[in-house]
Each structure stands twice: as structure tokens, then as C-alpha cells.
Amino acid sequence: MTKLSKKRKRTSHIDNVEEEIKPLQSTRQSDEPPTKKVKWINKQRVLVLASRGINHRHRHLMEDLKKLMPHHKTEPKMERSKTLTVINEICEIKNCGKAMLFEGRKKQDLYLWMSQAPQGPSIKFLVENVHTVAELKLNGNCLRGSRPLLSFDEAFTKKPEYQLMKELLSQTFGVPNHHPKSQPFFDHVYVFTILDDKIWFRNFQILSEDGAVTEIGPRFVLNPVKLFSGSFNGSALWENPKYISPSVYRRQIRLSTNRNVRNK
Amino acid sequence: MESSDTEMSDSDIELQNAFVKGILKPGLNVAVEEKKYANNVHLMKQKLEEFKLKLNWIERLDCVNKPAPLAPELAVRMLSEEQKRENQLKNNKKLIQYDPKDDPVLNDFNREMLFYRQAQATVMEAIPRIKAMNIPTQRPDDYFAEMLKSDEQMQKIRETLMKKQEQQKQIERVKELRTQRKLGKQLQIQNKLQRQKEKKEILDEVKKVRKGVRKDFDFLDNRKGSSKKSLEKRNMKNKKFGFGGKKRGLKVNTRDSAADISDFKSFKPTKGKKMANKKKQRPGKNRRKQGKSKK
């Protein structure tokens, strides 16, 4: 009996798909049989890996991002001796169209590379002000792997470099529709805002649909350094004139304090 | 030759001036080339066209929007925060003094507010758009799935939140107590002064009466008297215990009181009554033994 009924249902379902899309209910019961996810068009995958020499906090940040991105692929830490173009090959092996590389320097500075794998472009950011999800003041929560809404500041539409960054960010952080590991609901927003030439990232939970939100984390600031035409190689498309490398910055501070001491 | 000589001397003077000003440092000086930063707009646009994801919005979910308008309660909070910070700076000169415009704490607050409002704007724009496509947005109550943060973590967060609130409450309570104490002290002092004043006035009046300037005792009636209830109570007590008069020797016997035996009660019971009252008593142990031996 049951078998028969099932068969009947299936055939009718197939007929319906071609002709009309049924209006869905606003809520769904959990005991309903899961519908087959056939509409997975955007098969974007992101390779997330770190180079050797990142610090614990940065590693946690990477883990948090991995949890938020169900479309990621992992790879063990990369040796620093290798050239970065090796990543393109890894991407090809792992079927990834995007790559995110967390590159640590001196166990205190973190650079984030984001790249469109074989043909480019790629961008190098300096990551500042890192707060991970584990922090207790961030009191929101969301489903693991639900699709985020991506919110961009209006400044992203103005300059060509920001347009490029917007596209790259939205493609890497956006979870593909109907991804098998994703959840079908919308319960968080990523906010990208440009303030003093840096990109500020925040992740908010949607409490109610009239606009009440609370922060989930992680938090970080991306300071763009350089845009390349290729993936981890190629000519520079754009360079940030306001970027000062963190070690130079620290040196300046040290020198100025030394001078103060001497002048006393 | 001459012209070149003068040139040399000119540049020398310039260098010397520069050295005096401290621009020039001893040692080898190398001309610094100004760095050129790449900015290839054309190529960037081309690249963007190349790798742009040309799919429907529902596949991409990106929104560009201004921050949402500031909610009135948030505006009020921002203002109060500003006022508070300003007062803090004014009242405590030990703190590092900032211009209120570039106060780091306030800047942090305002910046986070900006992000918050941007998120709000996106939610208000995107959710109706998704709903219009007949896609469920909210997760039903009976839908359980793995969350980003574990239950343990959420428990911890809740605990810290509670602790913070409690601390805040405690601080407020202490503040309130302090203000109460201050007010109480003031009231006490006021009362004391008032009483002293009244007393002085009465004494003055009494003095006047004594000197014969004044003959009536009306000022005594003007005094704020005790309440009716307490007066009644006083009267009752006076009736019961007496009021005024000699107190010494009141309890000592006189001849009459000693002779008065009207309320004397003898506690000796009558004989017959006693016997009737008594049950047949069990004899003591020795007697019982003796009785046994007789038998």
C-alpha cells in the first residue's frame, strides 16, 4: 500500500515541477520529507587554508569562517617556502573556484588573500582588530550553514577597486543557493562597510524581520593592500597608497617614543 | 666658471640651512623617489566584467544600502551617552582629556551603531524581497539543526549577561542608598534647627511674660500640639496610673493598709476536701515489703 502511494506521489511531483511552482508555506514542519535540492546552480567552492606561522587567534578566526561557510574545502597548513601560485594547483585538484589564504607574519600580523582561482583577480588584505565568535559579548547565534544576506555600504559602488572587492567578497562569503550543506532559512547578515579606507566586517543575527538584529561575530577589519590581475600572481591592478605595513608602523611608534625619551 | 661657483655656493648655503633646520642628517643622503601606486582603472573594469557572477539575485543575496534611519530611542540613547561622557571628562580631570568630537569610546559606539543600522536596512529590504518569491525565511519552532555556537557557549554568554545586569543593579542600588543617606542627613539637620528655633521663641515669650510685658499665654496654644490619638492615650494612662503628686512612700504600708485583710486568701485547704480529693495511694516500697513479709 505504502509503496504504491509513494509512487503515485512521485510521478505527480515530477509533472508539477515542469508546469508550475507551488506557493510555499511560510513555515515548514520538520517531519515533512525533505524536498530534493535540484536547483543547486552555483557550484562555487572556496578553498580555505592557512600558511604556517599564524597565531591562535587567527586560527580561531579561520575556523569560525569555515563554520559559517558550508561551501568551503580545507587543506592542511602550507609551508612558507612554497610560492603562492601552488594554491592555484590545489584549487584545481579540489574543484575550488575561490581561495582564501590566511598568511601569518611574526605570529602577530595576519594577511588574507582572496582569489578567483585560475584566472584572477586576487587581493591581499591586512586583517586588523580580530574578534572571534568565542567572545562572550557577542550574544547572537545562527544556524550553521544558513545563507547570509550580504550588506554592502554605498561606497562599494563608487570606485572600480571597491566594485571589484565587492564582487570578490560576495562570491566568497555568499553561500550558494540550495547548497546541500546549507540551511534553507535566512537568519544572519554580513555587513561590509568602508570606513577610513578599510573594510569593516560584522555578522548580525536577524532577531525579527522588522529589523531587530544582534551581533554574532566574528569581527574584523580588512585593510586592502594590493589587487592583482592574476590569481596570486600577475600585474598589480591597484595599490593602496594609505597602507603602511604593520612592522613599519610599529617601528615608527618605537622611534617616536625613543625620541620623546631622548628629548626629556 | 664664475657662474658655476656662485651656483655651488648657493646650493651650499641651502644645504647648510637645511642642516641647521634639522632636515638634513649627517651621513650619506640619497634622493628619495616618490613611490608610484598602481591604479589601472580600465583593466579593473575589464576583470570585473570577466568574473562577475551573472545569476539571479536569490543566488547572490547581495544588497547595497544606506544605513537605516536612526530609531528615536537609539538617538536618545546616543545623546545621553554623549552627555555622560562629556560630564565624565569635565568632572574628572585625571582622565585623559579629549575633544568631545574625537572621543574614542563615543566613536566606537557611533561606529558600531552605523554597522547596526546598515544591517537593519538590509534586513528590511531583503526579507520582503525573498518573501515575495514565496521562499520561507523563518525557521519553524520545531526545526532543530546544528547551530554556529554550541549550547554550552550560549549558556556561558547568558551567565555573563546575567552577571553584568546584576552588577549594574547593585551599582544602582548603592547609588540610590547614597543619595538617600545624603537627603536623610539634610532633613535631620533641618529638623534640629527648626526645633531650636521654636524653643528659642517660646523662651523669649516666657521671658516677656515674666517681665510683665505680656500677660496671656496664647503663644503656648500656637505650638504644634501632639495628635488627638496620643492625647487620648495619655489621658487613659493618667487615669490608670495617676498623674502628678507625691511619688515617694506610696508603696510603703500605713497602719490602715496593714490592718486591712479583706483581700487575704488562705491557701490551707479544708480537711474533708483533701481526703476526697486524694486517691488511694500506693504505699512506698519499704512498706510494701513489710506487708509482704507479714503475709
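Chain A is the first sequence line, chain B the second, and so forth, proteins listed ahead of strands; every chain is numbered from 1. Computed from a predicted structure; not experimentally measured.
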**Q** Which atom names give the shortest non-hydrogen contact between V64(B) and E154(A), and what distance separates them?
**A**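 Of all heavy-atom pairs spanning V64(B) and E154(A), the closest is CG1-CA, 3.8 Å.
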
**Q** I'd like to know which of L55(B), I58(B), L43(B) tops the heavy-atom pair count under 4.5 Å against chain A.
**A**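 The option with the most such pairs is I58(B).
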
**Q** Could you check which of K156(B), K47(B), M147(B) has the highest count of heavy-atom pairs closer than 4.5 Å to chain A?
**A**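 Most heavy-atom pairs under 4.5 Å with chain A: M147(B).
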
**Q** Would you kindly say whether E215(A) and Y116(B) are connected by a side-chain donor-acceptor distance under 3.5 Å?
**A**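 No donor-acceptor contact under 3.5 Å links the two side chains.
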
**Q** So what's closer than 4.5 Å to chain B heavy atoms on Q171(A): side chain, backbone, both or neither?
**A**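 When you check distances to chain B, only side chain atoms of Q171(A) fall under 4.5 Å.
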
**Q** At a heavy-atom separation under 4.5 Å, does T193(A) approach chain B through its side chain, its backbone, both, or neither?
**A**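 T193(A) touches chain B through backbone and side-chain heavy atoms alike.
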
**Q** Quick check: under 4.5 Å, non-hydrogen atoms only, which of residues 157-165 of chain B neighbour chain A?
**A**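 Near chain A, by residue number: I157(B), T160(B), L161(B).
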
**Q** Determine whether the aromatic ring centres of F204(A) and F115(B) lie less than 6.0 Å apart.
**A**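 Not close enough - the centres of the two rings lie 6.0 Å or further apart.
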
**Q** Determine whether more than 12 heavy atoms belonging to other residues, nucleotides or ligands lie under 6.0 Å from atom CD of Q196(B).
**A**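 Buried by this count: over 12 neighbours within 6.0 Å.
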
**Q** Of all the heavy-atom pairs spanning Q44(A) and L53(B), show the shortest one and how long it is.
**A**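 In terms of heavy atoms, the two residues are closest at NE2-CD1, 4.2 Å.
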
**Q** Is L169(A) in contact with chain B via its backbone, its side chain, both, or neither, using a 4.5 Å heavy-atom distance?
**A**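 The answer is neither part of L169(A).
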
**Q** Where on I206(A) is there a heavy atom nearer than 4.5 Å to chain B: the side chain, the backbone, both, or neither?
**A**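 Contact with chain B: side chain only.
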
**Q** So which part of F192(A) gets closer than 4.5 Å to some heavy atom of chain B, the side chain, the backbone, both or neither?
**A**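 The backbone, not the side chain.
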
**Q** Using a distance-only test with no angle check, is there a side-chain donor-acceptor pair under 3.5 angstrom linking S26(A) and Q138(B)?
**A**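 The answer is no; no qualifying pair exists.
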
**Q** Give a yes or no on whether a salt bridge exists between E167(A) and K52(B), defined as a side-chain N under 4.0 angstrom from a carboxylate O.
**A**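 Salt bridge absent between E167(A) and K52(B).
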
**Q** With sequence neighbours left out, which residue pairs that include part of residues 62-71 of chain B fulfil the salt bridge (charged side-chain N to carboxylate O under 4.0 Å, His left out) condition?
**A**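 Sorted pair list: K166(A)-D62(B), R60(B)-D62(B).
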
**Q** Heavy-atom pairs under 4.5 Å with chain A are the metric here; pick the option from D141(B), L61(B), N65(B) that has the most.
**A**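 The residue among D141(B), L61(B), N65(B) with the greatest pair count is L61(B).
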
**Q** Please flag which part of D187(A) lies under 4.5 Å from any non-hydrogen atom of chain B: side chain, backbone, both or neither.
**A**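 For D187(A), there is no contact with chain B at all, as no heavy atom is under 4.5 Å.
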
**Q** Looking at R202(A) and E112(B), does any basic side-chain N land under 4.0 Å from a carboxylate oxygen?
**A**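 Salt bridge: yes.
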
**Q** Which atoms of V213(A) come close to chain B, meaning under 4.5 Å heavy atom to heavy atom: side chain ones, backbone ones, both, or neither?
**A**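 Backbone plus side chain of V213(A), per the 4.5 Å heavy-atom cut-off to chain B.
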
**Q** Would you mind checking which part of Q116(A) comes under 4.5 Å of any heavy atom in chain B, side chain (CB onward), backbone (N, CA, C, O), both or neither?
**A**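 Q116(A) touches chain B through side-chain heavy atoms alone.
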
**Q** Could you tell me whether K159(A) atom NZ has more than 12 heavy atoms of other residues or ligands within 6.0 Å of it?
**A**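 No, NZ of K159(A) has 12 or fewer neighbouring heavy atoms, counting only those of other groups under 6.0 Å.
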
